[in-house]
K.L.:
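Please read through the structure below; I'll follow up with questions.
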2 protein chains.
Amino acid sequence: MKTPASPVRRPRDGTLKTALVDAGVALLRKRGPDGLSLRKCAAQAGVSHAAPAYHFKNLAGLSTAIAARGYSVFCQTMTARLEQADASAMDRLNAICHGYLDFASTQPELFLFIFSGQSFNKEDDEFDRHSSNAYAILREACAPFVPSGAEPEEVEILVWSVVHGYAHLTMTRKADSPRFRDSWPKLDLLLEHLDRALETGREPGR
Amino acid sequence: MKTPASPVRRPRDGTLKTALVDAGVALLRKRGPDGLSLRKCAAQAGVSHAAPAYHFKNLAGLSTAIAARGYSVFCQTMTARLEQADASAMDRLNAICHGYLDFASTQPELFLFIFSGQSFNKEDDEFDRHSSNAYAILREACAPFVPSGAEPEEVEILVWSVVHGYAHLTMTRKADSPRFRDSWPKLDLLLEHLDRALETGREPGR
DNA sequence: CCATTAAACTTGACACTGTCAAGATAAGTC
DNA sequence: GACTTATCTTGACAGTGTCAAGTTTAATGG
């Protein structure tokens, strides 16, 4: 008698998966990380409560997919800055640093989510692809500053630490404390120090 | 007829509050941030499921108390390093940086918890006390490196960014990626760069 | 065109969660 | 010894993730 549900009947092209991730990102933005739930994503996408689990196995799976999406726009944001930079190595490095901060400040929930320390499913292809790509962008920008014979990670982690620390503290602390209302220094101020450190590292005689 | 519960009958000196925080920290360590729950803390402390809400109002309240505890041992860890340092400003600064990393690596769950970006109850006295104290320790160690006429935050955030970025990336990324199995640089390598940057900043003529 | 098959869901159930209202108990006070 | 109040307990409810089983539908092969 009753046609039980069949609400949207979307084509079988994997639309639902991306729709669920869309819903997850929106929920993250609106309700914060605690507001994220399989059932709410399902409701927002117009499917039954158990539909997400079919595609993502469990909540960790959905979280991984959302994190992959996060890394994807992370890469886009850095690339956008990179395209505006001139060809000089220093300008390109500063560009990705500003792109890093752009992402953190325009997408604070996604930024904190992917760096929350929760363990995502590293087997996931999409996740691995986008997160690796983010590091590749960093690596490429750092390459000109690696002294011959040195490990590239020495420069990469230095750069990454400065910009990530600044971005992460900005997101987690600045808003918290009235202490930093107007005195929070600009990123460029840190980058001046960083640039000088890398310049000296460039000359083999130090 | 039945004496309903009255399981432990602890004295009214606020023991339960700290016992619940103990349980929360233990749960965080054992089960991760998702394993933390009011009911499990209650069970571990031997009280009924609603007892924690009486003392902490809600889960956010308990989380804030746990974070306050986290900041407390954070301060202790940095202070411990400070006591082993000699009187030189540079040695003291490096000491708190190493203390920072000590805390992150010996208490990874607490470290990630307090820097998870979730908004704790900033009205809470204990929380405010310990988190402010942590920043005060940093500020004191940075003070000798602030050029006259400059904002202290310029140095503080630079130092904090480097060491926090390094610690946070170490905790969130290093374990993830096989990429960094042996190549992850030591903190001292970054501190050399930082120390040089601060030395030059000290001389007004740059 | 129709039967079959497998993918993409839905339905229903269960244990667990935070939160609230109401009751119980015991310690301290007069 | 009555009273008051802080400290819990009990019971309930809505929301959660997850699983098992059923249902629909698209694609396939004859």
Side-chain angles (χ1 to χ4, degrees), chain A residues 1-24 26-28 30-67 113 118-121, chain B residues 1-24 26-28 30-67 113 118-121:
Chain A
M1 200 57 65
K2 54 168 183 182
T3 22
S6 123
V8 180
R9 275 301 132 223
R10 62 185 80 238
R12 285 199 179 165
D13 48 4
T15 316
L16 182 53
K17 271 187 99 163
T18 80
L20 287 169
V21 174
D22 288 346
L27 251 121
L28 216 54
K30 211 172 300 174
R31 310 274 210 183
D34 294 348
L36 183 66
S37 94
L38 287 172
R39 291 174 109 105
K40 272 186 270 196
C41 287
Q44 187 136 346
V47 290
S48 82
H49 69 260
Y54 174 77
H55 290 283
F56 299 109
K57 168 103 178 150
N58 49 26
L59 181 60
L62 177 61
S63 296
T64 299
I66 293 174
F113 189 73
Q118 75 181 273
S119 53
F120 300 115
N121 179 12
Chain B
M1 200 56 66
K2 54 169 184 183
T3 21
S6 123
V8 180
R9 275 298 133 225
R10 62 185 79 239
R12 286 197 179 166
D13 48 4
T15 315
L16 182 54
K17 271 186 98 163
T18 80
L20 287 169
V21 174
D22 288 345
L27 247 105
L28 216 53
K30 211 171 302 176
R31 310 274 210 183
D34 294 348
L36 183 66
S37 92
L38 287 172
R39 290 172 109 106
K40 273 187 268 197
C41 287
Q44 186 136 346
V47 291
S48 82
H49 70 259
Y54 174 77
H55 289 283
F56 298 109
K57 169 104 178 149
N58 48 27
L59 181 61
L62 176 62
S63 295
T64 299
I66 293 174
F113 189 74
Q118 74 179 276
S119 53
F120 299 114
N121 180 13

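The sequence lines fix the lettering, A, B, ..., with proteins before strands; numbering per chain opens at 1.
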K.L.:
Using every non-hydrogen atom in the two residues, find where B/Ala65 and B/Val21 come nearest and quote the distance to one decimal.
P.N.:
CB-CG2, 3.8 Å
K.L.:
With sequence neighbours left out, write down each residue that passes ring-ring contact (aromatic ring centres under 6.0 Å, His included) with A/Phe56, or none if nothing qualifies.
P.N.:
none
K.L.:
Provide the closest heavy-atom pair for A/Leu20 versus A/Leu62 in the form atom of the first, atom of the second, distance.
P.N.:
O-CD1, 4.4 Å
K.L.:
Could I get the full list of side chain to side chain donor-acceptor pair (under 3.5 Å) partners for A/Asp22, not counting sequence neighbours?
P.N.:
A/Arg69
K.L.:
Could you check if a side-chain atom of A/Asn58 sits within less than 4.5 angstrom of a side-chain atom of A/Pro52, using non-hydrogen atoms only?
P.N.:
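No, side chains not in contact.
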K.L.:
Look at the side chain of B/Thr64 and the backbone N and O of B/Phe120, then say whether any donor-acceptor pair between them is shorter than 3.5 Å.
P.N.:
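Pair absent, no side-chain N/O of B/Thr64 close to backbone of B/Phe120.
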K.L.:
Report yes if the side chains of B/Gln44 and B/Leu27 come closer than 4.5 Å at any heavy-atom pair, otherwise no.
P.N.:
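The answer is yes; the side chains approach within 4.5 Å.
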K.L.:
Output the rounded distance in Å from CG (B/Leu20) to P (D/dT9).
P.N.:
10 Å
K.L.:
Can you name the atoms? Protein N/O to nucleotides 15-17 of chain C N/O, anything below 3.5 Å, with the distance.
P.N.:
none

K.L.:
Please list, chain by chain and in numerical order, all residues satisfying side chain to side chain contact (heavy atoms under 4.5 Å, CB included) with A/Arg39, sequence neighbours excluded.
P.N.:
A/Ser37, A/His49
K.L.:
B/Ala42 and B/Ser48: which non-hydrogen atoms are nearest, and at how many Å?
P.N.:
CB-O, 3.2 Å
K.L.:
Tell me: NE2 of B/His55 to C1' of D/dA6, nearest whole Å?
P.N.:
9 Å
K.L.:
Measure the angle between the two terminal helix axes of the helix from C/dC1-D/dG30 to C/dC30-D/dG1, five base pairs each, and quote it to 10°.
P.N.:
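So the angle between the two local helix axes works out to 0°.
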K.L.:
Closer than 4.0 Å, any side-chain N/O of A/Tyr54 to the OP1 or OP2 of C/dA8?
P.N.:
yes
K.L.:
Pairs under 3.5 angstrom, nitrogen or oxygen only, protein versus nucleotides 20-22 of chain C, please.
P.N.:
none

K.L.:
Return the set of residues passing side chain to side chain contact (heavy atoms under 4.5 Å, CB included) with A/Ala53 (not counting sequence neighbours), or none when no residue passes.
P.N.:
none
K.L.:
B/Phe56 CZ to C/dT19 P: how many Å, rounded?
P.N.:
13 Å
K.L.:
For A/Leu59, give me all partners under side chain to side chain contact (heavy atoms under 4.5 Å, CB included), at least two apart in sequence or on another chain.
P.N.:
A/Leu38, A/Ser63
K.L.:
Round to the nearest Å and state the distance from A/Leu27 atom CG to D/dG15 atom C1'.
P.N.:
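So the CG-C1' distance, A/Leu27 to D/dG15, works out to 14 Å.
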